[in-house]
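In what follows, a single structure is set out as structure tokens and then discussed.
Just so you know, residue 1 is the first one in the sequence shown, and it goes up from there.
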Amino acid sequence: MKSVVIFDMDGTLIDTESVYLKAYQEVFQARGIEFTDQEYIDQHAGRTAAACLQALVEKTGSQDLAKTLFNEAEQRFVEIEAESGIDNKAGLLETIEALKDMEVTIHVASSSNRSEVISRLKGAGISSYIDGFTSGDEVTHSKPHPEIFLKALEKTGQSKDSALIIEDSVAGVEAGFRSGIDTIMVPDLVAASEKNKAQALVIVDRLDDILNYVK
């Protein structure tokens with residue numbers, strides 16, 4: 001049985017990735033710039049703010065424009081969140097409560113910054129269940145680099161064999177695989193690729209499907 005589960009947050013626990021995609025596309029459309037679903041999936045989903053900003057610099061060729069677009073997208077995200085709220089992913093509360101009943105340590109490893117992690121876990125109603133977290137502003141390298149998962153594992157004091165990572169994104173699954181920790185994919189914006197299938201322990205449809213693999 002696994003003694004610690006390390007969850008990604010955005011797109012895995014909370015349905016934020018689809019909201020960020022909407023925010024980005026609205027901001028770019030307002031300026032007459034194309035921004036596709038695939039661009040977001042490949043260059044932004046599961047990445048730190050620094051990595052997302054760098055992707056925008058490379059797309060636009062301008063540091064100033066990239067910062068403006070990034071800040072406008074972040075502001076639009078906040079507006080959408082205030083207008084409509086953000087849903088939890090299916091099976092979230094059932095999964096978290098079951099893990100606590102099993103006395104499993106729950107750690108969150110998110111590319112979002114510390115204040116966002118605290119706010120979103122609270123908004124999802126699960127902050128009291130979380131034993132610890134590692135945020136994007138604590139690491140140097142963005143996913144698919146495994147740094148965030150290795151740092152999270154170090155914080156728990158557990159071994160790789162006793163841990164399980166839960167991820168939704170392509171970059172996150174690769175980061176989990178490269179960390180040497182068993183990784184389960186719960187796809188969000190994009191279906192699992194052949195590479196994901198090779199890297200992940202298993203692909204499941206809902207969060208509560210992971211419980212048998214914890215046992």
Task: Residue pair Arg31 / Leu69, side-chain heavy-atom distance below 4.5 Å - done: yes
- [ ] Locate the shortest heavy-atom distance separating Ala73 from Ala23; write the atom from each residue and the value.
- [x] O-CB, 3.5 Å
Task: Minimum-distance pair of heavy atoms, taken over all atoms of Ala109 and Ala152 - done: CB-CB, 4.1 Å
Open item on the list: Restricting to non-hydrogen atoms, name the atom on Ala98 and the atom on Leu211 that form the minimum distance, rounded to 0.1 Å.
Closed with: CB-CD1, 3.7 Å
TODO: Measure the shortest side-chain to side-chain distance between Leu92 and Ile126 over non-hydrogen atoms and say whether it is less than 4.5 angstrom.
DONE: yes
Task: Basic-acidic side-chain contact under 4.0 Å: Glu83, Arg76 - done: yes
Task: Check: Glu138/Ser135 side-chain N/O donor and acceptor closer than 3.5 Å - done: yes
Task: Co-membership, hydrophobic cluster, residues Leu53 and Val27, 4.5 Å side-chain - done: yes
Task: Inter-residue atom distance Phe133.CZ - Ser110.OG, 0.5 Å rounding - done: 9.5 Å
Task: Beyond-backbone contact of Glu26 with Glu72, side-chain heavy atoms, under 4.5 angstrom - done: no
TODO: Enumerate the residue pairs fulfilling salt bridge (Lys or Arg N to Asp or Glu O under 4.0 Å) with a member in residues 191-207, sequence neighbours excluded, ordered by first and then second residue.
DONE: Glu174-Lys195, Glu194-Lys197, Arg206-Asp208
- [ ] Could you walk me through whether Asp168 and Lys89 pass the side chain to side chain contact (heavy atoms under 4.5 Å, CB included) test, one step at a time?
- [x] CA-CA 11 Å; Asp168 71 287; Lys89 298 298 288 188; over 6 Å; no
Task: Euclidean distance, Glu97 CD relative to Ile106 CD1, rounded to 0.5 Å - done: 10.0 Å
TODO: Apply salt bridge (charged side-chain N to carboxylate O under 4.0 Å, His left out) to Arg47 and list each qualifying residue two or more places apart in sequence or on a separate chain.
DONE: none
Task: Within-4.5 Å side-chain heavy-atom neighbours: Ile184 and Leu164 - done: yes
TODO: For the residue pair Ser115 and Asn113, confirm or rule out a side-chain donor-acceptor distance under 3.5 Å.
DONE: yes
TODO: Enter the distance from Lys67:NZ to Thr60:OG1 here, rounded to the nearest 0.5 Å.
DONE: 11.5 Å
Task: Any Met102 side-chain heavy atom under 4.5 Å of Lys215 side chain - done: yes
- [ ] Just do the side chain to side chain contact (heavy atoms under 4.5 Å, CB included) check on Ile80 and Lys22 with the steps written out, would you?
- [x] CA-CA 9 Å; Ile80 296 171; Lys22 176 179 172 65; 3.9 Å; yes
Open item on the list: Ignoring hydrogens, what is the shortest heavy-atom contact between Lys143 and Gly172? Give both atom names and the distance.
Closed with: CD-CA, 3.9 Å
Open item on the list: Please report the interatomic distance CG(Asp209) to OG1(Thr95), rounded to the nearest 0.5 Å.
Closed with: 8.0 Å
Task: Asp161/Lys2 salt bridge by N-O under 4.0 Å criterion - done: no
Task: Nearest heavy-atom neighbours spanning Ala200 and Ile203 - done: CB-CD1, 3.8 Å
Open item on the list: With no hydrogens and no angle check, just 3.5 Å: does a side-chain donor-acceptor pair link Glu167 and Thr183?
Closed with: no
Open item on the list: So if I apply the ring-ring contact (aromatic ring centres under 6.0 Å, His included) rule between His44 and each of Phe70, Phe28, Tyr24, Tyr20, which one comes out positive?
Closed with: Tyr24
Open item on the list: Quiz question: by atom type and distance under 3.5 Å, do the side chains of Glu17 and Tyr40 form a donor-acceptor pair?
Closed with: yes
Open item on the list: Looking at Glu147 and Lys151, is any side-chain nitrogen of the basic one under 4.0 Å from a carboxylate oxygen of the acidic one?
Closed with: no
- [ ] Starting from Ile165, walk the hydrophobic network (Ile, Leu, Val, Met, Phe, Trp, Tyr; side-chain heavy atoms closer than 4.5 Å) and list everyone else you reach, by chain and number.
- [x] Val4, Ile6, Val139, Ile148, Phe149, Leu153, Ile181
- [ ] Is it possible for you to say whether Ile210 and Val173 belong to one hydrophobic cluster, with membership spreading through side-chain heavy-atom contacts below 4.5 Å?
- [x] no
Task: Donor-acceptor pair, side chain of Asn196 and main chain of Ser193, under 3.5 angstrom - done: yes
- [ ] Compute the ring centroids of His107 and Phe7, then answer whether they are less than 6.0 Å apart.
- [x] no
TODO: For Asp15 and Ile86, indicate whether the former's side chain and the latter's backbone hold a donor-acceptor pair under 3.5 Å.
DONE: no
- [ ] Begin with the C-alpha distance, continue with both residues' side-chain angles, and end with the deciding distance and a verdict on side chain to side chain contact (heavy atoms under 4.5 Å, CB included) for Thr16 and Glu81.
- [x] CA-CA 9 Å; Thr16 46; Glu81 183 179 20; over 6 Å; no
Open item on the list: Is any side-chain heavy atom of Thr12 closer than 4.5 Å to one of Asp188?
Closed with: no
Task: Step-by-step side chain to side chain donor-acceptor pair (under 3.5 Å) determination, Ser112 to Arg120 - done: CA-CA 10 Å; Ser112 293; Arg120 289 176 192 164; 3.2 Å; yes
- [ ] Salt-bridge test for Asp131 and Lys155: reply yes if a basic N is under 4.0 Å from a carboxylate O, no otherwise.
- [x] no
Open item on the list: Checking Asp182 against Lys160 for the salt bridge (Lys or Arg N to Asp or Glu O under 4.0 Å) test, could you report, in this order, the C-alpha distance in whole Å, the side-chain angles of both residues, the deciding distance, and whether it holds?
Closed with: CA-CA 8 Å; Asp182 285 341; Lys160 290 184 179 181; over 6 Å; no
- [ ] Give the C-alpha distance, both sets of side-chain angles, the deciding distance and a yes or no for side chain to side chain contact (heavy atoms under 4.5 Å, CB included) between Val204 and Met185.
- [x] CA-CA 6 Å; Val204 299; Met185 185 178 193; over 6 Å; no
Open item on the list: Taking Glu116's backbone N and O only, do any of them form a donor-acceptor pair with Ser119's side chain (distance below 3.5 Å, no angle check)?
Closed with: no
Task: Nearest non-hydrogen partners of Pro187 and Ala192, listed with the distance - done: CG-N, 4.2 Å
Task: Side-chain heavy-atom pair Val214, Val5 within 4.5 angstrom cut-off - done: yes
Task: Nearest-0.5 Å distance, CD of residue Glu39 to CG of residue Leu56 - done: 9.0 Å
Open item on the list: Main chain of Ala55, side chain of Glu58: is a donor-acceptor contact present, judged purely on distance under 3.5 Å?
Closed with: no
TODO: Taking atom CD of Glu94 as the centre, report whether more than 12 heavy atoms of other residues, nucleotides or ligands fall under 6.0 Å from it.
DONE: yes
Task: Distance in Å, Lys100 NZ paired with Ser128 OG, rounded so as to fall on 0.5 Å steps - done: 8.5 Å
Open item on the list: Quick check: is Tyr129 connected to Val186 through a chain of hydrophobic side chains (ILVMFWY, heavy atoms under 4.5 Å apart)?
Closed with: yes
- [ ] Flag yes if Leu150 and Val108 sit in one hydrophobic cluster, no otherwise; membership is Ile, Leu, Val, Met, Phe, Trp, Tyr, and two members link when side-chain heavy atoms are under 4.5 Å apart.
- [x] no
